[in-house]
A.B. asks: 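Before we start, here is the structure in question, set down as structure tokens.
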Protein chains: 2
Amino acid sequence: MPLIIDSIEKHVLLTPEEKELFASKLEIQQHKAKTILLSPGEICQYSYFVNSGVLRSFNINDNIVEHVLQFACKGWWIGDMYSLISQKPGNLFIEVLEDAELVLLSKENQEQLYIEIPKLERFFRILIENSLVAHQERLMDNLSLSAEERFDKFCKRYPDLMQKIPQKQIASYIGVTPEFFSKMKSRMLKNKI
Amino acid sequence: MPLIIDSIEKHVLLTPEEKELFASKLEIQQHKAKTILLSPGEICQYSYFVNSGVLRSFNINDNIVEHVLQFACKGWWIGDMYSLISQKPGNLFIEVLEDAELVLLSKENQEQLYIEIPKLERFFRILIENSLVAHQERLMDNLSLSAEERFDKFCKRYPDLMQKIPQKQIASYIGVTPEFFSKMKSRMLKNKI
DNA sequence: ATACTTTCTTAACCTAGGTTAAGCACAAAA
DNA sequence: TTTTGTGCTTAACCTAGGTTAAGAAAGTAT
């Protein structure tokens with residue numbers, strides 16, 4: 001599994017033995033689109049690394065409306081962080097949007113690797129730092145930008161996702177209804193011509 | 001400085017020598033309310049731990065409106081995470097809201113401590129994990145809850161802050177204007193009587 | 001005490017985005 | 001091939017929250 005190793009070695013270098021030890025703790029799974037890997041109420045046991053395909057995490061509020069927390073494509077990690085670290089029932093769904101090959105790292109193996117290969121604790125610290133910064137930026141964007149501006153940023157940040165996923169998912173990610181998204185999109189097109 | 005040590009030892013235990021080494025890397029500062037510790041365009045050099053007082057981080061968008069990213073009271077850390085890890089110019093103000101005593105840990109000292117006391121890298125990993133979870137929850141709340149519901153959650157999560165800071169700051173944190181916040185508050189009062 | 005600044009409130013009016021509902025265009029089953 | 005979904009669009013109407021403006025209240029500095 002070269003992709004996951006490469007992605008780690010962008011931040012910390014591993015010896016061949018460490019790579020082997022690390023690899024021995026991983027599990028690979030193939031999943032079809034529409035598979036639900038995790039549902040609210042369940043305890044998240046794994047960090048999921050995406051070898052191929054696309055996943056999303058989302059929740060559903062009282063009004064039966066979905067809100068996307070995160071998309072994950074090739075090379076990204078996904079999970080229910082709250083449930084994973086607290087080992088309490090989570091609030092998120094994790095769903096496969098496009099047929100996917102995943103690398104699973106269980107909570108226990110991850111904790112053990114922190115001890116056996118401290119460099120991996122550093123790697124995950126850096127990974128989480130970056131994730132935090134991205135979430136902070138998105139939070140501020142939701143407070144201060146219009147739906148149109150958020151959509152523009154989304155297009156720039158995830159240009160490939162536009163093709164891969166239904167646009168109602170993007171609407172949900174930027175925080176508007178599919179109906180409004182459609183209206184907005186056609187308005188933006190008109191204004192650009 | 002027992003508070004910062006105690007807060008670390010909730011997650012990892014330090015030997016007396018480690019505590020001393022750690023303490024030797026810290027700097028203590030007193031600051032008056034209204035002091036701006038960091039402005040957009042500057043590179044954030046420190047993680048700030050609050051011994052007493054209250055701080056906030058916020059940005060200002062084109063329309064000259066402020067948005068609060070975070071409050072920090074006694075026992076909390078604050079900084080411009082983006083700028084701190086990238087060492088590029090940041091986007092945030094960090095301001096003292098109530099006279100404060102701060103413990104400063106410089107970026108370089110923090111990096112060095114990760115090497116000298118790996119347990120501290122673990123501590124900060126855990127700290128950042130918790131912060132990420134909190135930001136994820138706030139993001140989802142902003143997508144799915146009404147202003148009134150967000151205010152309720154804020155009151156429960158930060159009951160002490162209500163007394164300490166001007167309510168326009170709370171309005172900014174939950175993502176509404178001070179005028180609307182005032183209207184909403186009196187409406188909520190009426191409905192509860 | 002007085003003046004000056006900042007915060008809070010209220011009210012009239014406005015708008016970005018939500019809701020409901022209907023029709024259309026696909027794709028997947030059957 | 002019909003049916004049954006699932007997603008997209010459009011349009012009429014609605015509402016949470018924003019804007020502008022002005023006065024009251026409460027700090028803060030002189």
Side-chain angles (χ1 to χ4, degrees), chain A residues 32-36 54 56 58 60-68 71 93 95-99 141-154 161-191 193, chain B residues 32-36 54 56 58 60-68 71 93 95-99 141-155 161-191:
Chain A
K32 288 267 163 215
K34 301 197 183 176
T35 307
I36 302 283
V54 182
R56 73 199 261 240
F58 65 101
I60 295 191
N61 74 357
D62 315 332
N63 311 320
I64 318 167
V65 13
E66 298 179 3
H67 292 279
V68 173
F71 295 111
F93 288 93
E95 184 194 19
V96 180
L97 289 179
E98 193 184 66
D99 292 1
D141 286 350
N142 280 333
L143 291 177
S144 61
L145 302 183
S146 67
E148 213 163 300
E149 291 169 315
R150 277 175 271 145
F151 178 46
D152 276 337
K153 279 193 94 163
F154 180 88
L161 266 180
M162 294 298 297
Q163 279 69 23
K164 291 191 173 181
I165 64 181
Q167 74 179 30
K168 60 180 275 197
Q169 308 283 6
I170 299 169
S172 166
Y173 182 91
I174 68 172
V176 297
T177 60
E179 295 86 353
F180 179 76
F181 188 85
S182 175
K183 179 160 69 172
M184 180 180 81
K185 218 182 57 171
S186 73
R187 184 182 63 208
M188 288 171 81
L189 255 163
K190 237 177 279 168
N191 291 345
I193 291 166
Chain B
K32 289 267 162 217
K34 302 198 181 173
T35 307
I36 301 285
V54 183
R56 73 200 261 237
F58 66 100
I60 296 191
N61 75 357
D62 314 334
N63 312 319
I64 317 169
V65 12
E66 298 178 4
H67 292 280
V68 172
F71 295 112
F93 288 92
E95 183 194 19
V96 180
L97 289 180
E98 193 184 65
D99 293 1
D141 286 350
N142 281 332
L143 290 176
S144 61
L145 301 183
S146 67
E148 215 163 299
E149 291 168 316
R150 276 176 272 145
F151 178 46
D152 276 336
K153 281 193 92 162
F154 180 88
C155 292
L161 267 180
M162 294 297 298
Q163 279 68 22
K164 290 191 175 182
I165 63 181
Q167 75 178 27
K168 59 180 276 198
Q169 308 283 5
I170 299 168
S172 166
Y173 182 91
I174 69 173
V176 297
T177 59
E179 295 86 353
F180 179 75
F181 187 85
S182 176
K183 179 160 70 173
M184 180 181 79
K185 217 182 57 170
S186 72
R187 184 181 63 208
M188 289 171 81
L189 254 164
K190 236 177 280 170
N191 290 347

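Residue numbering restarts at 1 for every chain, and letters A, B, ... go by the order of the sequence lines.
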A.B. asks: To the nearest Å, give me how far apart CZ (A:Phe151) and C1' (C:dG17) are.
C.D. replies: 16 Å

A.B. asks: Counting only pairs under 3.5 Å, give me each side-chain donor-acceptor contact of residues 176-186 of chain A, with atom names and distances, residues two or more places apart or in other chains.
C.D. replies:
residue, atom, partner, partner atom, Å
A:Thr177, OG1, A:Phe180, N, 3.1
A:Lys185, NZ, A:Gln167, OE1, 2.7
A:Ser186, OG, A:Lys183, O, 3.1

A.B. asks: Which residues satisfy the side chain to side chain donor-acceptor pair (under 3.5 Å) test with A:Asp141, sequence neighbours excluded?
C.D. replies: A:Lys153

A.B. asks: Nearest whole angstrom, please: distance from the C1' of C:dG18 to the CG of A:Asn61.
C.D. replies: 13 Å

A.B. asks: Compare side-chain N and O positions of B:Arg150 against OP1 and OP2 of D:dG17 and report whether any pair is under 4.0 Å apart.
C.D. replies: yes

A.B. asks: I'd like to check the ring-ring contact (aromatic ring centres under 6.0 Å, His included) partners of A:Phe71; sequence neighbours left out, ordered by chain and number.
C.D. replies: A:Tyr173

A.B. asks: Would you tell me if any nitrogen or oxygen in the side chain of B:Thr177 comes within less than 4.0 Å of OP1 or OP2 on D:dG18?
C.D. replies: yes

A.B. asks: Quick one: B:Lys164 NZ to D:dG27 P, roughly how many Å, whole number?
C.D. replies: 17 Å

A.B. asks: In this structure, how many angstroms lie between the P atom of D:dG17 and the NE2 atom of B:His67, rounded?
C.D. replies: 15 Å

A.B. asks: Just how far, in rounded Å, is C1' of D:dG17 from CD1 of B:Ile174?
C.D. replies: 11 Å

A.B. asks: Kindly write out the residues that satisfy salt bridge (Lys or Arg N to Asp or Glu O under 4.0 Å) with B:Lys34, not counting sequence neighbours, or none if the list is empty.
C.D. replies: none

A.B. asks: With sequence neighbours excluded, tell me which residues meet salt bridge (Lys or Arg N to Asp or Glu O under 4.0 Å) with B:Arg150.
C.D. replies: none

A.B. asks: From CG of B:Leu145 over to P of D:dA16, roughly how many Å is that when rounded to an integer?
C.D. replies: 15 Å

A.B. asks: Taking protein heavy atoms under 4.0 Å as touching, what does nucleotides 4-12 of chain D look like 5' to 3' if B marks base contact, S marks sugar-phosphate-only contact and - marks none?
C.D. replies: ---SSBB--

A.B. asks: Using salt bridge (Lys or Arg N to Asp or Glu O under 4.0 Å) as the criterion, list what pairs up with A:Glu149, not counting sequence neighbours.
C.D. replies: none

A.B. asks: With a 4.5 Å heavy-atom cut-off, do B:Arg187 and B:Glu148 have their side chains touching?
C.D. replies: yes

A.B. asks: Roughly how bent is the helix from C:dA1-D:dT30 to C:dA30-D:dT1 end to end, in steps of 10 degrees, with each end axis from five pairs?
C.D. replies: 50°

A.B. asks: Main chain of B:Asn61, side chain of A:Ser144: is a donor-acceptor contact present, judged purely on distance under 3.5 Å?
C.D. replies: no

A.B. asks: Taking side chain to side chain donor-acceptor pair (under 3.5 Å) as the definition, give me every residue that meets it alongside A:Gln169, ordered by chain and number, with sequence neighbours left out.
C.D. replies: A:Arg56

A.B. asks: To the nearest Å, how far apart are A:Leu143 CG and D:dG17 P?
C.D. replies: 13 Å

A.B. asks: What is the distance, rounded to the nearest whole Å, between atom CG of B:Leu189 and atom C1' of C:dT10?
C.D. replies: 15 Å

